Amino acid sequence: MSALRGRTIVVGVTGGIAAYKAVEVCRRLVDLGAHVVPVMTDAAEQFIGRTTLSALCSEPVQTSLWDEVSPIPHTVLGQRADAIVVVPATAHLLGAYAAGLSTDLLTNTLLATRAPVVVCPAMHTEMWEHPAVRDNLAVLRQRGVIVVEPDEGRLAGGDVGSGRLAAPERIVAAIEAVLGSGDLADLHVVVTAGGTREPIDAVRVIANRSSGKQGYAIAAEALSRGATVTLISTVDLPTPTHARLVRVETAAQMQIAVEHESESGDVVVMAAAVADFRPRAVADHKIKKADGPPEIVLEPTPDILASLGARKRAGQTLVGFAAETDDLIAHAEAKMRRKNLDLIVANDVRAAGVGFQHDTNAVSLLRPDAPMVTIGLTDKRSIARAILDVVVDIRSGPK
Ligand code: C5P
């Protein structure tokens with residue numbers, strides 16, 4: 001399986017004649033299962049049309065720091081990317097990147113990312129051999145940037161020499177190499193997300209404030225690390241590319257889905273806020289207002305995670321969540337032991353910017369036999385990364 005499957009690759013296209021070959025690279029990345037986000041410089045538009053790239057990639061092309069919906073597209077793109085590839089990379093781009101100049105969306109994205117970066121230079125031989133270009137490449141290499149050396153061959157204008165963009169297969173292989181196989185490759189990760197909705201009658205439900213964002217971030221992160229992901233969800237957020245979605249609504253439906261999927265699940269992450277109680281009797285019609293407020297008798301729902309914990313398979317990793325308002329760590333710790341979990345993610349839902357509905361979270365990660373790890377307020381994808389880092393650590397066995 002390609003290391004590209006489910007990965008988000010930002011492809012930066014700069015203004016050289018080889019820009020037309022970027023189209024072929026994008027197509028191959030998409031064919032291999034990558035989510036390809038194209039970014040063009042102004043000069044690139046002199047060589048190829050926006051429509052071509054938008055049609056072939058997974059998202060419309062982005063070109064500007066200013067006219068996009070997001071107020072900070074450069075940091076968003078940089079954070080989302082599992083890898084960035086610049087194809088072709090002109091002498092100008094290499095110079096700006098080496099000098100840390102951020103003049104447009106692509107150079108800003110390159111400076112804002114922590115993902116691996118691959119540059120594929122293409123230019124006329126004299127430029128390629130110029131000491132300024134050589135020095136800039138040396139600086140970039142020293143900083144960990146991967147350089148896919150150009151080939152020798154026919155250049156624009158009929159000259160023959162070094163500086164011709166590397167063949168698309170060589171560029172794709174370089175991206176696959178920097179991504180590696182992923183530390184969750186070959187694992188089936190089951191993630192639940194969202195709050196359950198428990199019917200009162202034909203139209204009314206008892207619900208909770210869970211948005212599902214943390215579960216979706218975990219699913220996306222697991223995919224980007226090579227896992228096969230089943231997402232069991234109660235909400236309608238965009239499904240991460242290549243996740244298998246199982247849509248449920250109630251705790252009972254979630255239980256059926258989780259029990260089925262966890263049979264083959266190597267890692268089960270119960271990020272969903274499952275109702276603890278549901279109406280004992282559900283009216284099959286709409287209860288009439290005129291009949292006065294109904295008396296609703298509640299009964300406990302099955303504790304899905306506790307029952308998974310009770311019959312956990314050897315080699316299976318169970319992760320639970322504890323959203324608390326008081327005595328966070330003590331409650332989380334007790335829950336972890338009671339439900340036989342390998343990891344519990346505790347968050348204080350009363351703290352600012354934490355938990356339900358926010359795009360950010362702050363958590364403590366508790367394990368039965370290892371010190372607690374605390375992650376301060378950050379975006380939910382970074383929380384997902386930290387959770388899966390611990391999962392990988394657990395699965396690597398005792399040190
Ligand atoms: O005990 P509490 O409901 O606070 O535990 C929270 C954890 O247990 C979460 O991971 C949640 O998904 C899971 N849970 C469950 N089934 C329930 C209630 C909670 O699996 N009925």
Side-chain angles (χ1 to χ4, degrees), residues 189-199 205-219 222 229-235 237 246-263 265 267-280 298-313 316-351 354-357 361 363-368 380 383-384 386-388 390-391 394:
V189 176
V190 180
V191 185
T192 65
T196 63
R197 307 205 303 170
E198 308 299 331
V205 296
I206 296 177
N208 64 63
R209 295 185 195 280
S210 171
S211 64
K213 288 177 186 170
Q214 185 63 73
Y216 274 65
I218 294 166
V229 174
T230 303
L231 180 57
I232 302 171
S233 171
T234 66
V235 295
L237 294 172
V246 180
R247 190 68 169 73
V248 296
E249 180 157 333
T250 62
Q253 291 167 355
M254 184 166 280
Q255 181 181 32
I256 292 168
V258 171
E259 288 187 352
H260 178 67
E261 297 300 335
S262 66
E263 281 171 21
V267 179
V268 182
V269 183
M270 282 291 301
V274 184
D276 292 320
F277 309 104
R278 66 185 170 205
R280 180 177 292 163
L298 299 176
E299 65 176 7
T301 54
D303 192 318
I304 304 168
L305 194 50
S307 70
L308 288 186
R311 54 196 167 85
K312 184 162 55 172
R313 278 188 289 109
Q316 194 173 46
T317 310
L318 284 189
V319 182
F321 275 66
E324 304 285 348
T325 51
D326 309 283
D327 289 336
L328 175 66
I329 302 303
H331 277 128
E333 169 102 36
K335 213 171 274 187
M336 171 177 69
R337 300 205 184 268
R338 191 170 67 238
K339 300 193 188 198
N340 191 24
L341 306 180
D342 302 290
L343 169 64
I344 193 153
V345 182
N347 56 359
D348 177 353
V349 286
R350 271 212 297 233
V354 171
F356 291 157
Q357 288 172 334
N361 210 351
V363 298
S364 297
L365 306 180
L366 285 79
R367 289 162 63 172
K380 286 187 170 172
I383 299 280
I387 294 169
L388 292 177
V390 174
V391 166
I394 292 168

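Start at 1 and go down the list; that is how both ligands and their atoms are numbered. Owing to the predicted nature of the structure, the values given are computational and were not obtained by experimental measurement.
Near A272, meaning under 4.0 Å from one of its heavy atoms, ligand 1 places the atoms 11 (C), 12 (O). Counting atoms of ligand 1 from 1 in the listed order, those under 4.0 Å from a heavy atom of G320 are 10 (O). The atoms of ligand 1 that sit less than 4.0 Å from any heavy atom of T301 are 21 (N).
Some N or O of L305 is nearer than 3.5 Å to an N or O of ligand 1, by distance alone. Between V274 and ligand 1, not a single N/O pair is under 3.5 Å apart. Residue E324 has no nitrogen or oxygen atom sitting less than 3.5 Å from a nitrogen or oxygen atom of ligand 1, judged on distance alone. Between M270 and ligand 1, at least one N/O pair is under 3.5 Å apart. Of the N or O atoms in A273, none lie within a sub-3.5 Å distance of an N or O in ligand 1.
For A275, every heavy-atom contact with ligand 1 shorter than 4.0 Å involves the backbone, none the side chain. At a heavy-atom cutoff of 4.0 Å, ligand 1 is contacted by no atom of A306, backbone or side chain. At a heavy-atom cutoff of 4.0 Å, ligand 1 is contacted by no atom of T192, backbone or side chain.
Salt-bridge check for K335 with E324: passed, with a basic side-chain N closer than 4.0 Å to an acidic carboxylate O. Using a 4.0 Å cut-off between charged nitrogen and carboxylate oxygen, E259 and R311 count as a salt-bridge pair.
In this structure, A322 has no heavy atom closer than 4.0 Å to ligand 1. Using a non-hydrogen distance threshold of 4.0 Å, K339 registers as a contact of ligand 1.
Counting only distance, with no hydrogens or angles, the side chain of T192 and the backbone of A272 share a donor-acceptor pair below 3.5 Å.
Looking at Y216 and S233, their side chains do bring a donor and an acceptor atom within 3.5 Å of each other.
Nearest to atom 9 (C) of ligand 1 among the protein's heavy atoms is F321 O, 3.2 Å. Among all protein heavy atoms, the one lying closest to atom 18 (C) of ligand 1 is D276 OD1, 3.4 Å. Ranking the protein heavy atoms by distance from atom 4 (O) of ligand 1 puts K335 NZ, 2.4 Å first. Looking only at protein heavy atoms, the nearest one to atom 16 (N) of ligand 1 is I304 N, 3.1 Å. Remark: minimum distance from atom 15 (C) of ligand 1 to any protein heavy atom is reached at D303 OD1, 3.5 Å.
For the side-chain contact (heavy atoms from CB on, under 4.5 Å) with T317, the lone residue among V269, V189, I394 that qualifies is I394. A salt bridge (Lys or Arg N to Asp or Glu O under 4.0 Å) with D342 is found for one member of K312, R337, R367 and no other, namely K312.
Separating the CG atom in L308 from the CG atom in D303 is a distance of 9.0 Å, to the nearest 0.5 Å.
Nearest residue to atom 21 (N) of ligand 1 from G309, A251, P300, P302 is P302 (criterion: closest heavy atom).
Here the side chains of I344 and V319 are not in contact, with every heavy-atom distance at 4.5 Å or above.
Counting non-hydrogen atoms of neighbouring residues, nucleotides and ligands closer than 6.0 angstrom, the CZ atom of R278 exceeds 12 such neighbours.
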